Protein chains: 2
Amino acid sequence: MTLQPFNIGGLSRQTGVNIETIRYYEKIGLLPPPARSQGGFRQYEDHHLQRLRFIRRGRDLGFSIDSIRALLTLAERPDSPCEGADQMVLLHLDEVERKIADLTLLRDELRKMKNCCGQVVAQCQIIGSLTAPGSAQQDAI
Amino acid sequence: MTLQPFNIGGLSRQTGVNIETIRYYEKIGLLPPPARSQGGFRQYEDHHLQRLRFIRRGRDLGFSIDSIRALLTLAERPDSPCEGADQMVLLHLDEVERKIADLTLLRDELRKMKNCCGQVVAQCQIIGSLTAPGSAQQDAI
DNA sequence: CATGGACCCTGGAGCCACTACAGAGTCAAC
DNA sequence: GTTGACTCTGTAGTGGCTCCAGGGTCCATG
């Protein structure tokens, strides 16, 4: 329960979100524009803090800005059914699992590549496997 | 051993690299500019094909354009030592492993989130855990 | 020789989610 | 009133493409 409004720097410190990013979120309509001081400084209130924390957490979980926008819309209507949120999490989970699988394949390939060869590029497994995947030792490009 | 030069479409089909991307690679100096037909069409030769395949493979392995540039420079000098290549693979492997670890944590959190709650947003675990990480069931934003 | 359709050209804008910067103005403590 | 931290706006840049408009080229047909 913060009583006094705070500047953008305070909001940044309390959320770990970059100042530039906060202004960016306002620009794209993710964070509502706050009141301003006489000199034009942004003056945030507690609900901005809550909302930005929500956004931050969503971003940390890898949701896109658009998904977060949708989740915020949901969150604003406590009586609405939450299938939408469930759907979004499932979709995102699928995506993350696919990414992990892809990166794991990648990792295995990179592991095979490392522990380079002899001494010079001409015999280098790494360069070789880039030149012709599957077999090493090829002419350089 | 292709004898006739081929157009950008042919190069695209043989490598799986988008035509626009090929032109982009030329623009940023990754692929050398080929000869041109009288009408201005790009005419590629076998060495372009080899080089683009190298680039493609590097991208598939997740290397950045800059890394690929460096690897190509290495590949061009068969007598040079290949520690550089080894280093790059190790660095990249580290990065990939870090990414996998991050995504795995993410996946576990998303798994905890799914199988939404009751029926409405007010009791929704998903919205709740975005609102306040660690504990569910909070007021909406 | 004309035509049609597939192909290709250039230059520029757009994507995502920020991040960086210049040049100016504001605020609060001393 | 001065200092120094803070904030403002607007614009441009990042990576790695991707898409588009508005035109030109190529070559197999009729």
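Letters A, B, ... mirror the listed sequences (proteins, then strands); counts begin at 1. All values reported here derive from a predicted model rather than from experimental measurement.
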Does OP1 or OP2 of [N] have a side-chain N or O of [X] closer than 4.0 Å?
{"X": "A/Ser37", "N": "C/dT26", "answer": "no"}
{"X": "A/Asn18", "N": "C/dC18", "answer": "no"}
{"X": "B/Arg42", "N": "C/dC9", "answer": "yes"}

Short side-chain to backbone donor-acceptor contact, [X] and [Y], under 3.5 Å:
{"X": "B/Ser67", "Y": "B/Phe63", "result": "no"}
{"X": "B/Arg51", "Y": "B/Asp46", "result": "no"}
{"X": "A/Ser12", "Y": "A/Val17", "result": "yes"}

### Query
Where each residue is assigned the nucleotide of DNA chain C containing its nearest heavy atom, which of A/Gln38 and A/Asp66 is assigned the position nearer the 5′ end?
A/Asp66

### Summary
Whichever of A/Ile65 and A/Gly40 has the more 5' nearest nucleotide on DNA chain C, that residue is A/Ile65

Closest nucleotide among [options] to the [X] side chain:
{"X": "B/Arg36", "options": "C/dC8, C/dT10, D/dT7", "answer": "C/dT10"}
{"X": "B/Thr21", "options": "D/dC17, C/dT19, D/dC20", "answer": "D/dC17"}
{"X": "B/Tyr24", "options": "D/dC17, D/dC19, C/dA20", "answer": "D/dC17"}
{"X": "A/Phe41", "options": "D/dC17, C/dT26, C/dT19", "answer": "C/dT26"}
{"X": "B/Ser64", "options": "D/dC19, C/dC9, D/dG16", "answer": "D/dG16"}

Rounded to whole Å, how long is the line connecting atom [atom1] of [X] with atom [atom2] of [N]?
{"X": "A/Ile55", "N": "C/dA17", "atom1": "CD1", "atom2": "P", "answer": "13 Å"}
{"X": "A/Gln4", "N": "C/dC27", "atom1": "CD", "atom2": "C1'", "answer": "15 Å"}
{"X": "A/Gln43", "N": "D/dC8", "atom1": "CD", "atom2": "P", "answer": "10 Å"}
{"X": "A/Glu20", "N": "D/dT7", "atom1": "CD", "atom2": "C1'", "answer": "11 Å"}

Classify the nucleic acid contact of [X] as base, sugar-phosphate or nothing, counting any heavy atom under 4.0 Å across all strands shown.
{"X": "B/Arg23", "result": "base"}
{"X": "A/Ile19", "result": "sugar-phosphate"}
{"X": "B/Tyr25", "result": "sugar-phosphate"}

### Message
Please determine whether a side-chain nitrogen of the Lys or Arg among B/Arg111 and A/Glu97 lies less than 4.0 Å from a carboxylate oxygen of the Asp or Glu.
### Response
yes

### Task
Work out which heavy atom in A/Tyr44 is nearest to a heavy atom in A/Ile8; give both atom names and the distance.
CE1-CA, 3.7 Å

